2 protein chains.
Amino acid sequence: MDNKDRQIIRALQQDGRMTNQELAEAVNLSPSPCLRRVRNLEAKGIIRGYSADADAAACGLAITVFVRIRLERHNETDVQNFERRMQMIEDVLECHVLTGAMDYQLRVLVPDLEAYENFIRHRIHPIGGIASIDTSFVYGTVKRTAVFPLSD
Amino acid sequence: MDNKDRQIIRALQQDGRMTNQELAEAVNLSPSPCLRRVRNLEAKGIIRGYSADADAAACGLAITVFVRIRLERHNETDVQNFERRMQMIEDVLECHVLTGAMDYQLRVLVPDLEAYENFIRHRIHPIGGIASIDTSFVYGTVKRTAVFPLSD
DNA sequence: CCCGAATTGGCAGTATCTGCCAATAGTTAC
DNA sequence: GTAACTATTGGCAGATACTGCCAATTCGGG
């Protein structure tokens with residue numbers, strides 16, 4: 001993992017569909033070694049995958065919510081159960097464990113407020129063992145990038 | 001924006017580098033109209049771009065932090081100043097405006113705790129006009145996907 | 001300075017992309 | 001019901017890009 005690899009990662013974070021030739025040019029390599037480095041980063045799991053960044057509102061998902069959840073009990077069974085449920089719920093795009101009071105933070109995407117209410121009532125509450133739920137709606141997005149702060 | 005478009009979006013969210021031929025097969029189209037639909041979604045801004053999903057820890061960015069910030073004043077000047085600064089700071093990968101007490105939530109990526117302290121002291125505090133900062137470190141990630149909950 | 005290992009660059013066969021045109025499917029008016 | 005119109009599709013072909021192989025180069029260590 002040298003500077004070239006970091007340059008490759010940043011370039012592919014900025015444009016994940018650039019051709020290998022463009023990428024090679026961007027990092028001052030010829031196409032062959034460039035492609036080999038990319039494949040190597042993929043094989044090592046340093047590049048996990050690629051994805052399209054789509055406009056949620058245009059897809060009818062107008063509301064983004066950050067939900068913070070605290071569990072009543074933190075024994076292995078309840079924690080595993082909760083995390084397994086998170087994997088299954090499509091509306092949950094992200095679920096992080098936070099330091100502090102053993103909190104989770106979810107990023108949830110729903111079409112409207114009614115769908116959010118249904119999400120809480122029919123997806124979250126039935127899990128059980130939940131001590132508290134704190135909801136923050138996203139009003140606007142000032143910045144959103146995939147590019148890491150790497151000094152190259 | 002019909003079902004085919006939604007299928008295309010979901011497929012490209014799952015694998016942003018799949019070839020047009022694979023994509024065409026996945027959504028039951030021949031390559032030509034499939035590519036035209038993709039280009040159309042891109043032109044309309046529904047697909048904003050593509051990016052590689054890289055392992056931050058492997059890149060030396062071990063610490064992810066969610067930072068919640070409240071401003072002292074919410075006049076146009078101070079808000080614009082703050083948001084302009086957010087754009088400039090590389091460590092800030094996301095900055096959302098939240099409902100409620102006119103809060104911001106940042107997702108920040110740093111190599112270590114010392115770098116986080118420097119980030120707060122030298123990047124955030126100098127902005128001025130900040131009423132409070134609340135830090136939540138990410139302990140683990142249960143789920144992280146780019147795929148929208150679309151019923152197709 | 002020389003040797004060995006790792007990385008690079010070029011080449012060529014294969015696969016993919018993409019603009020163009022005819023064919024098809026879906027819709028509206030009568 | 002049908003004719004005409006529109007939007008979308010599928011196929012073709014030239015251009016572009018991918019990728020495995022081998023020789024050349026670079027970089028460290030002795």
Side-chain angles (χ1 to χ4, degrees), chain A residues 1-61 111 145-152, chain B residues 1-61 111 145-152:
Chain A
M1 176 80 151
D2 55 8
N3 277 357
K4 278 272 183 288
D5 283 339
R6 278 185 281 273
Q7 284 179 13
I8 287 173
I9 288 169
R10 278 171 62 101
L12 288 175
Q13 285 176 333
Q14 291 178 283
D15 178 6
R17 269 193 92 104
M18 71 197 305
T19 65
N20 184 54
Q21 298 204 348
E22 291 167 333
L23 178 60
E25 195 173 351
V27 302
N28 284 315
L29 274 175
S30 68
S32 316
C34 183
L35 183 64
R36 229 164 323 160
R37 279 172 177 272
V38 172
R39 292 286 177 266
N40 188 37
L41 289 168
E42 290 168 352
K44 281 186 178 152
I46 296 175
I47 293 179
R48 295 198 199 93
Y50 304 86
S51 66
D53 169 26
D55 182 335
C59 295
L61 298 163
T145 179
V147 184
F148 286 172
L150 299 175
S151 34
D152 286 347
Chain B
M1 177 81 151
D2 54 10
N3 278 357
K4 279 271 183 289
D5 283 338
R6 277 186 282 273
Q7 285 177 13
I8 287 173
I9 288 169
R10 277 171 64 102
L12 287 176
Q13 284 176 331
Q14 289 177 284
D15 178 6
R17 270 194 92 105
M18 72 198 303
T19 65
N20 184 54
Q21 299 204 346
E22 291 166 332
L23 178 61
E25 195 173 351
V27 301
N28 285 314
L29 274 176
S30 69
S32 313
C34 183
L35 182 65
R36 227 163 326 155
R37 278 171 177 273
V38 172
R39 293 286 177 268
N40 188 35
L41 289 168
E42 290 168 353
K44 281 186 178 152
I46 296 175
I47 293 179
R48 295 199 199 90
Y50 303 86
S51 66
D53 169 27
D55 182 336
C59 295
L61 297 163
T145 178
V147 183
F148 286 172
L150 299 176
S151 35
D152 285 347

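Computed from a predicted model, the values in this text were never measured in an experiment. Lettering of chains follows the sequences in order, A, B, ..., and the numbering in each one begins at 1.
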*Asks:* Let me know the distance between CG of B/Leu29 and P of D/dG11, rounded to the nearest Å.
*Replies:* 11 Å
*Asks:* Who are the side chain to side chain donor-acceptor pair (under 3.5 Å) partners of B/Asn28, not counting sequence neighbours?
*Replies:* none
*Asks:* With sequence neighbours left out, what residues match B/Asp15 under salt bridge (Lys or Arg N to Asp or Glu O under 4.0 Å)?
*Replies:* none
*Asks:* Any donor-acceptor pair under 3.5 Å linking the side chain of B/Asn20 with the backbone of B/Pro31?
*Replies:* yes
*Asks:* Once you round to the nearest 0.5 Å, how far does CD1 of B/Ile46 lie from CG of B/Asn40?
*Replies:* 7.5 Å
*Asks:* I'd like to know if the side chain of B/Arg10 and the backbone of B/Leu150 have a donor-acceptor N/O pair within less than 3.5 Å.
*Replies:* yes
*Asks:* Rounding to 10°, can you tell me the angle the first-five-pair axis of the helix from C/dC1-D/dG30 to C/dC30-D/dG1 makes with its last-five-pair axis?
*Replies:*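 Result, rounded to 10 degrees: 40°.
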*Asks:* Apply side chain to side chain donor-acceptor pair (under 3.5 Å) to B/Glu42 and list each qualifying residue two or more places apart in sequence or on a separate chain.
*Replies:*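 Partners of B/Glu42 under the side chain to side chain donor-acceptor pair (under 3.5 Å) test: B/Arg39, B/Tyr50.
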*Asks:* Over how many whole Å does the gap from A/Arg37 atom CZ to D/dC18 atom C1' extend?
*Replies:* 19 Å
*Asks:* When every nucleotide of nucleotides 12-26 of chain C is labelled 5' to 3' by its protein contacts under 4.0 Å (heavy atoms), B for base, S for sugar-phosphate only, - for none, what sequence of letters results?
*Replies:* ----SSSB-------
*Asks:* In chain order, what residues pass the side-chain contact (heavy atoms from CB on, under 4.5 Å) check against B/Pro111, with sequence neighbours excluded?
*Replies:* B/Leu61, B/Ala115
*Asks:* How many whole angstroms separate atom CD1 of A/Ile8 from atom P of C/dT7?
*Replies:*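 That distance rounds to 12 Å.
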*Asks:* Which pair of heavy atoms, one from A/Arg17 and one from B/Gly16, lies closest together, and at what distance?
*Replies:*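 So the minimum-distance heavy-atom pair works out to NH1-O, 2.9 Å.
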